[in-house]
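Just so we're on the same page: letters track the sequence lines, and every chain starts at 1.
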Protein chains: 4
Amino acid sequence: MEGRRDVIEERDVSRIRAFADGVIAVAITLLVLNIEVPDLPKAREDQLGEELVDLIPSLGAYALSFGLVGRYWVVHHRLFEDLRSFDGLLMALNLGFLALIGLVPFSSNLFDNYHGDPIAAAVLAGTLGLAALTNMLMVRHIDAQGFWGPDARRPPEPFAGATSIAISAAFFLSIPLAFLSIPLMLVVWLSVLMLPYPLRRLGRRRR
Amino acid sequence: MEGRRDVIEERDVSRIRAFADGVIAVAITLLVLNIEVPDLPKAREDQLGEELVDLIPSLGAYALSFGLVGRYWVVHHRLFEDLRSFDGLLMALNLGFLALIGLVPFSSNLFDNYHGDPIAAAVLAGTLGLAALTNMLMVRHIDAQGFWGPDARRPPEPFAGATSIAISAAFFLSIPLAFLSIPLMLVVWLSVLMLPYPLRRLGRRRR
Amino acid sequence: MEGRRDVIEERDVSRIRAFADGVIAVAITLLVLNIEVPDLPKAREDQLGEELVDLIPSLGAYALSFGLVGRYWVVHHRLFEDLRSFDGLLMALNLGFLALIGLVPFSSNLFDNYHGDPIAAAVLAGTLGLAALTNMLMVRHIDAQGFWGPDARRPPEPFAGATSIAISAAFFLSIPLAFLSIPLMLVVWLSVLMLPYPLRRLGRRRR
Amino acid sequence: MEGRRDVIEERDVSRIRAFADGVIAVAITLLVLNIEVPDLPKAREDQLGEELVDLIPSLGAYALSFGLVGRYWVVHHRLFEDLRSFDGLLMALNLGFLALIGLVPFSSNLFDNYHGDPIAAAVLAGTLGLAALTNMLMVRHIDAQGFWGPDARRPPEPFAGATSIAISAAFFLSIPLAFLSIPLMLVVWLSVLMLPYPLRRLGRRRR
């Protein structure tokens, strides 16, 4: 949108990092609001144990969403750690990424309230898939504009962004899977929590 | 209120920046609480797809408000990046600015719940218009007191604050427009997301 | 509790500042959740204007609470800016201060929902009065332990903490006032938003 | 998970600290949402005083949870202050720790709503006990990998992590206690707010 002449320097990059960290920290903490304290009438308060057992899927959804948003924070963190400069398009992409992460408390709540429903699962997968896609677009733009700092640990193309592409693909491919089998879809999601490391290492070895 | 003798130094400015970033990051993330997960009875759970289609305006309001608050963060960020000192009046104006940004989750929720109603639209436009006006007052005060740092990239009067004036004017003018046509008003709002860049460039060229 | 041998250094102080800023930024932003969007049935949606007029006291309570918490942030900010070291008791007092500020969204909501009721007003005044008292205790402890940094701008006793004492006294004295006249009490509260500056200047002149 | 070759440096550690601080600051501030403003009908508004007396246990639960999360922040703060490097496993453990702290607003709300019920108390004790256990695992891993910075004030094994072990043990042992006597359990919890200091001093003396 503005080209390299108008780039923002190191000082600004650190504040953009702090803002992104703030948004992600708030979003990840709002996830807890999705777990509802059982509202038992006085006469049935001895059934609290059973009610809490019913909350286990909600706790699972909390742990899964917390882990996934945490993983995205790590990915975003690695991306922005090595940035030296910035432009208007990157700012817009970054806001889009944050808007999608900020949406996770909603998507996760939907997924939890309708946890047998493939449509609800598709909404959460779509939110996270789009966020990974936006991250990949940021990597490509940073590469194209040469915004990396002098001591960036990141390898150049074609491996930069491989993690984002893999995460994005996993989520989008899990959407049709959800209509076949929710447990199978969950296996794909959980693999996202493990996947990034080997891919990144591969990229480094080839450099 | 206190004049230049009592100004606060660089060290403090960075903490004021961090506080403002925190408030804006929380406000922007609270926007997600406005999107309500459909509460379908068991018997109608197969209608989730239709219910989610009805949520599209809410998602649109979320995206719009997130984008606008994000734009304000960028404007505020640019303003405070070049500050060297501070006084009591600037502190008060800054708090007023943050109080208006902190109000956006309410205004946006109102706009979303009554999205055909020009009064609700006027409340959101008024909140954002007043925030832009406060930003403009901050620019003027910083100019008048000479609070810019030595390496400020900002041009002096009359162009400083042009972005704020344009944003402020756009929002206030959109209020009567809302009573004629909500879609027309939305066009004005969306233009705010695009407008700042050319104006800022103009100011720079003239320097 | 631990004495000067075990004090924490500059590096830690900056992180304690950041944590305090985070808590205050979240608390101040949660205030917006107290303003409830009117929930009109479809048939009465044309009465939105009247409903919004009824929200004006809520907006006033929001502005007042935002301003007061903002003032407390400034006071806390000035206190911690000049700290060089820290001990366990100061950490505990600081947590107590933050717990009271974190309580303001509740107290403010109570005050707003029962805005003719002196008991509700007394709860808000008590919360803010105790926070100012805790701040005063922190000032005394920092003075007594010599925790100020080498370039502290703060005057030593007896004026250090004068602002906190004045704010604390104003809130506690406003509690009986609330039972006589709520508007009179509000005048005292609003004066807190203005008071600190002259007192601080006085302290400086005497140094 | 990745070994020492792939550790992250000082620059990253500071951002991980900031993220953790953000999550804990939001979680501690969300605790206030558990205190519900009484919803009296117009005709019974003169009973506000009595209703507020009924809120005292909620205020107590707020103060207790705020104090405990605050203590955990201090423990986490001390742990991360002396870190020089980081790996994938430590990142995962840290996320697990934050997920447990992020769960406290729920557990605390449950404890408050069912405050005579040992099951509800056990959930809060379990959340906090697991968080302390995770903290202990982080200390062990940091020790084993030699991630401490050159000027770490922390003693090496066997005392490192003694505070975490004591806190963890106190919470897990309080769970059976809750079924005997809730007040006795509260005594154990309150002791956690006092315990860490002597233990830490002990560890230092032995070095």
Heavy atoms under 4.5 Å from chain C: which residues of residues 98-111 of chain B carry them? Leu98(B), Ala99(B), Gly102(B), Leu103(B), Pro105(B), Phe106(B), Asn109(B), Leu110(B)

So does Asp39(B) have more than 12 non-hydrogen atoms from other groups sitting under 6.0 Å from CG? no

Heavy atoms of other groups near Glu36(C) CD, more than 12 under 6.0 Å: no

Is a donor on one side and an acceptor on the other found under 3.5 Å between the side chain of Tyr114(B) and the backbone of Asp46(C)? no

Where Gly22(B) and Ala25(C) come nearest, the two heavy atoms and their spacing: C-CB, 4.0 Å

Taking side chain as everything from C-beta outward and backbone as N, CA, C, O, which of these in Leu52(C) sits under 4.5 Å from a heavy atom of chain B? Side chain, backbone, both or neither. side chain

Identify which part of Leu59(C) has an atom lying under 4.5 Å from any heavy atom of chain B, answering side chain, backbone, both or neither. side chain

Gap between atom CG of Asp117(B) and atom CG of Leu48(C) - 0.5 Å precision: 5.0 Å

Rounded to the nearest 0.5 Å, what separation is found between the CZ atom of Arg71(C) and the CG atom of Leu95(B)? 8.0 Å

Against chain C, label Ala20(B) side chain, backbone, both or neither, depending on which of its atoms sit under 4.5 Å from a heavy atom there. neither

So which of Val26(B), Thr29(B), Ile28(B) actually passes side chain to side chain contact (heavy atoms under 4.5 Å, CB included) with Thr29(C)? Val26(B)

Side chain to side chain donor-acceptor pair (under 3.5 Å) pairs touching residues 175-187 of chain B, sequence neighbours excluded, are none

